[in-house]
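Read through the structure below, which is laid out as structure tokens, and then see the notes.
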2 protein chains.
Amino acid sequence: MAVTILDVAKLCGYSKATVSRAFACPEQVSDKTREKVYAAARALNYTPDAIARAMVRGRTDNIGFVIYEKQYPVVLNPFYSPIFESVLQTCAQHGYSLFISSDRDLHLPNGQTCVKKQMDGVILAGHSDMQTVLDLQQQNMPVVLLNNALDLDHLLCVTTDQYGGAVLAMRHLAERGHRRIGLIAGNFSPHVYMARYNGYCDVLREIGQPIDFRLVQSIEPTVEAAIACTSLMLSLSDRPTALFCTNDTIAIGAMKAVLRAGLCIPEDIAIVGFDDSENSRLVEPELTTVHIDKVAMGRIAAERLIAQIEQGPAEKQVIQTDVRLIVRQTT
Amino acid sequence: MAVTILDVAKLCGYSKATVSRAFACPEQVSDKTREKVYAAARALNYTPDAIARAMVRGRTDNIGFVIYEKQYPVVLNPFYSPIFESVLQTCAQHGYSLFISSDRDLHLPNGQTCVKKQMDGVILAGHSDMQTVLDLQQQNMPVVLLNNALDLDHLLCVTTDQYGGAVLAMRHLAERGHRRIGLIAGNFSPHVYMARYNGYCDVLREIGQPIDFRLVQSIEPTVEAAIACTSLMLSLSDRPTALFCTNDTIAIGAMKAVLRAGLCIPEDIAIVGFDDSENSRLVEPELTTVHIDKVAMGRIAAERLIAQIEQGPAEKQVIQTDVRLIVRQTT
DNA sequence: GTGAAAGCGCTAACAG
DNA sequence: CTGTTAGCGCTTTCAC
């Protein structure tokens with residue numbers, strides 16, 4: 001793009017400064033001038049250079065959404081994608097654009113942490129290590145943690161009530177009269193895994209049901225793994241009457257295994273999932289699951305990050321969004 | 001970030017240029033020097049400013065993935081999200097980062113088209129109007145069209161064999177002996193809609209089956225709309241024995257309607273979808289569908305765009321990825 | 001409301 | 001292998 005602000009200035013007879021203002025703050029320029037400037041710009045097909053602008057303003061109006069590498073792919077992840085979408089919307093509303101990258105992009109060849117790209121702040125989604133966050137903070141790069149919580153000063157974290165959700169799911173099953181309830185848990189980050197696992201154990205304890213470890217399995221959260229795992233559980237002589245799956249993908253795999261075994265849902269086996277992803281409504285019967293307010297998580301993370309960018313450092317805080325049980329047809 | 005390259009230069013006793021090289025092209029600097037520079041950088045917590053770098057290099061190493069607004073949300077779209085993911089991967093491999101934005105971001109308040117953000121090229125996904133593409137080209141902004149084709153010089157388009165896919169699906173149904181085949185078509189862009197519709201008509205003609213317009217419906221591509229539409233078709237006295245749905249979401253809605261009507265798939269009604277989205281394997285029975293090579297589409301679009309960025313304008317070309325039928329359990 | 005001038009932080013010749 | 005120098009294109013005081 002060879003044509004610069006100077007070319008426009010020359011053509012319309014005004015100065016660089018006026019042309020600049022016509023684009024950046026149109027209200028500071030008289031109507032007549034603005035029109036002339038725009039006409040000249042159109043004639044030359046001039047377009048302000050975003051980089052030069054960012055350089056001098058010290059602001060890019062970009063935000064980075066950084067995913068822990070292991071959790072790739074983001075966009076296809078039924079849990080993260082609605083969150084990402086919500087972040088995207090919120091950013092757009094506030095005039096920010098969104099970069100998407102993995103945590104690999106956060107390190108220089110010499111090992112230092114930094115934001116190699118042009119962004120005013122970052123949302124770190126999923127796992128992220130403390131040193132990285134510290135480094136970023138030290139470089140005055142606003143940071144918000146999403147679906148993760150770290151105990152650091154001035155760090156804002158947005159999570160959800162993992163434990164409460166598990167308890168909701170389990171109590172619901174217990175109220176339906178289930179006692180032999182299996183757990184198929186995805187091997188998520190310890191933070192998430194333990195909270196959901198504890199919910200399972202605590203409700204079992206509440207109803208006086210001892211834990212049968214043959215009914216507690218930890219797997220990769222894929223449909224295939226869930227099918228295999230469930231099939232095994234179904235072959236038990238005293239098979240469970242209900243399954244609590246720690247995400248919807250697992251629950252869908254469990255459903256497949258049950259249906260393929262010729263059993264009925266929920267009559268023979270009841271199933272509860274977690275996340276309330278889009279997929280939970282795709283399957284038939286539709287899945288009872290714990291709703292996580294992914295829209296709120298994304299929105300809050302983005303809003304709080306933007307607040308930091310525009311108004312300075314955050315207070316240390318963990319914002320926990322509510323969960324609720326969505327009862328559909330699998331229980 | 002108050003600390004600049006100059007601070008590091010002073011601290012380590014080298015010049016700005018050397019410090020710059022230590023980060024930008026480490027091999028051009030002696031080991032000893034590099035270590036000293038890095039040490040100083042670490043001490044000051046210095047990090048190169050990506051904006052200033054981009055400014056002087058005239059390159060940002062960023063690519064924009066721009067979606068036609070009406071097709072929002074991108075990330076949740078079962079068709080676009082795998083493509084986006086593939087673009088993301090390819091860009092990462094080549095050292096580019098990805099921006100995601102809608103076509104709204106392509107226009108200045110004065111109506112001019114431009115890339116307001118810092119990117120070296122853009123992938124325009126879905127519908128995009130010709131003037132926008134022309135404007136971008138005139139500004140020397142490399143462009144690739146994805147899932148769309150426009151007849152413009154030096155414009156590279158990546159699409160798929162929409163018509164061929166429809167023919168594959170229909171012939172498959174015909175080979176299974178179906179004659180009364182319904183069409184439930186999503187109201188996609190004319191480009192896509194017509195190709196798939198023509199495939200339907202042509203195969204019916206091949207098998208000497210007149211088109212019954214009660215069996216041809218055009219709807220919003222949502223599960224709900226598909227359920228409603230299918231229910232209606234099922235209530236016909238001479239209901240179809242098979243349904244060709246122009247995407248998987250519609251097919252899944254159709255499946256729900258069929259199952260809820262107490263009918264069996266594929267015994268009573270066979271169903272074929274289009275896209276081979278992740279969802280097609282989630283449902284039970286699993287969906288027979290036309291596979292679109294979304295990974296290839298994303299990769300090719302990204303690679304070609306990068307080629308343009310690095311090696312100059314493209315030849316006018318429409319690259320059409322192959323389709324194939326994936327026969328699962330609904331036919 | 002408009003213009004002149006001073007950089008923003010970095011890289012890329014070119015020299016040495 | 002390292003240093004010097006000249007900007008990249010824009011915004012932003014500060015005058016007028």
Side-chain angles (χ1 to χ4, degrees), chain A residues 1-38 40-41 44-62 108 114-120 139-141, chain B residues 1-38 40-41 44-62 108 114-120 139-141:
Chain A
M1 197 166 11
V3 35
T4 79
I5 203 170
L6 201 56
D7 301 309
V8 179
K10 274 181 195 146
L11 182 61
C12 67
Y14 288 95
S15 69
K16 275 166 48 169
T18 299
V19 176
S20 170
R21 282 191 275 256
F23 283 98
C25 35
E27 66 286 357
Q28 285 183 36
V29 156
S30 76
D31 291 0
K32 186 168 135 268
T33 307
R34 196 181 326 119
E35 281 319 311
K36 282 191 186 169
V37 171
Y38 286 172
L44 296 171
N45 203 6
Y46 164 79
T47 259
D49 182 314
I51 289 293
R53 182 152 204 271
M55 165 97 150
V56 66
R57 293 198 327 148
R59 289 268 312 272
T60 62
D61 297 333
N62 293 154
L108 250 31
C114 90
V115 169
K116 288 190 295 195
K117 293 298 183 161
Q118 306 89 9
M119 42 188 96
D120 297 338
Q139 288 164 31
N140 290 317
M141 177 62 68
Chain B
M1 197 162 17
V3 33
T4 79
I5 203 169
L6 201 57
D7 300 308
V8 179
K10 275 182 194 146
L11 182 62
C12 66
Y14 290 94
S15 69
K16 275 167 49 170
T18 301
V19 176
S20 171
R21 283 190 276 256
F23 284 99
C25 34
E27 67 285 358
Q28 285 183 35
V29 156
S30 77
D31 290 1
K32 187 169 134 268
T33 307
R34 196 183 325 120
E35 281 318 311
K36 281 191 185 170
V37 171
Y38 286 172
L44 296 171
N45 202 6
Y46 163 82
T47 259
D49 181 316
I51 289 294
R53 181 151 204 273
M55 166 95 149
V56 66
R57 294 199 323 148
R59 289 269 310 271
T60 62
D61 296 333
N62 293 153
L108 250 32
C114 89
V115 168
K116 289 190 296 194
K117 292 300 184 162
Q118 307 88 12
M119 42 188 95
D120 296 339
Q139 289 164 30
N140 290 318
M141 176 65 65

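Please read all numbers here as calculations on a predicted model, not as lab measurements. So you know, we letter chains A, B, ... as the sequences are listed, proteins then strands, and number each from 1.
Taking side-chain N and O atoms only, B:Tyr14 has no distance below 4.0 Å to OP1 or OP2 of D:dT4. Under 4.0 angstrom from either OP1 or OP2 of D:dG9 there lies no side-chain N or O belonging to A:Thr4. Residue B:Ser20 places at least one side-chain N or O under 4.0 Å from the OP1 or OP2 atom of C:dT11. Checking the phosphate oxygens (OP1, OP2) of D:dT2, no side-chain nitrogen or oxygen of B:Thr18 falls inside 4.0 Å. Here B:Thr33 does not reach the OP1 or OP2 of D:dC1: none of its side-chain N or O atoms lies under 4.0 Å away.
The one candidate from B:Arg34, B:Glu35, B:Lys36 that meets the side-chain contact (heavy atoms from CB on, under 4.5 Å) condition with B:Lys32 is B:Lys36.
Rounded to an integer number of Å, the gap from CZ of A:Arg21 to C1' of C:dG1 is 8 Å. Between B:Gln118 atom CD and C:dC8 atom P the separation is 20 Å, expressed in whole Å. Put simply, CZ on A:Arg57 is 18 Å from C1' on D:dC8, counting in whole angstrom units. Across the protein-nucleic acid pair, B:Arg53 atom CZ and C:dT11 atom P stand 5 Å apart, rounded to whole Å. As a whole-Å value, the separation of B:Ile5 CD1 from C:dT11 C1' is 8 Å. Per the geometry, CZ belonging to B:Arg59 stands 23 Å off P belonging to C:dG9, to the nearest Å. For the pair B:Asp61 CG and C:dT11 P, the computed distance is 12 Å after rounding to whole Å. In this structure, the CD1 atom of A:Ile51 is 13 Å from the P atom of C:dT11, given to the nearest Å.
Checked against the 6.0 Å centroid criterion, the rings of A:Phe23 and A:Tyr46 qualify as a close aromatic pair.
Residues A:Ile5 and A:Ser20 form a side-chain contact, since some pair of their non-hydrogen atoms from C-beta on lies under 4.5 Å apart. A:Thr33 places a side-chain heavy atom less than 4.5 Å from the side chain of A:Tyr14. Residues A:Val37 and A:Val29 are not in side-chain contact: their nearest non-hydrogen atoms beyond the backbone lie 4.5 Å or more apart.
Of the candidate nucleotides D:dC10, C:dA4, D:dC8, C:dA4 has the atom nearest to the side chain of A:Ser15. Closest contact between the side chain of B:Ala17 and the listed nucleotides C:dG3, D:dG9, D:dG3 involves D:dG3.
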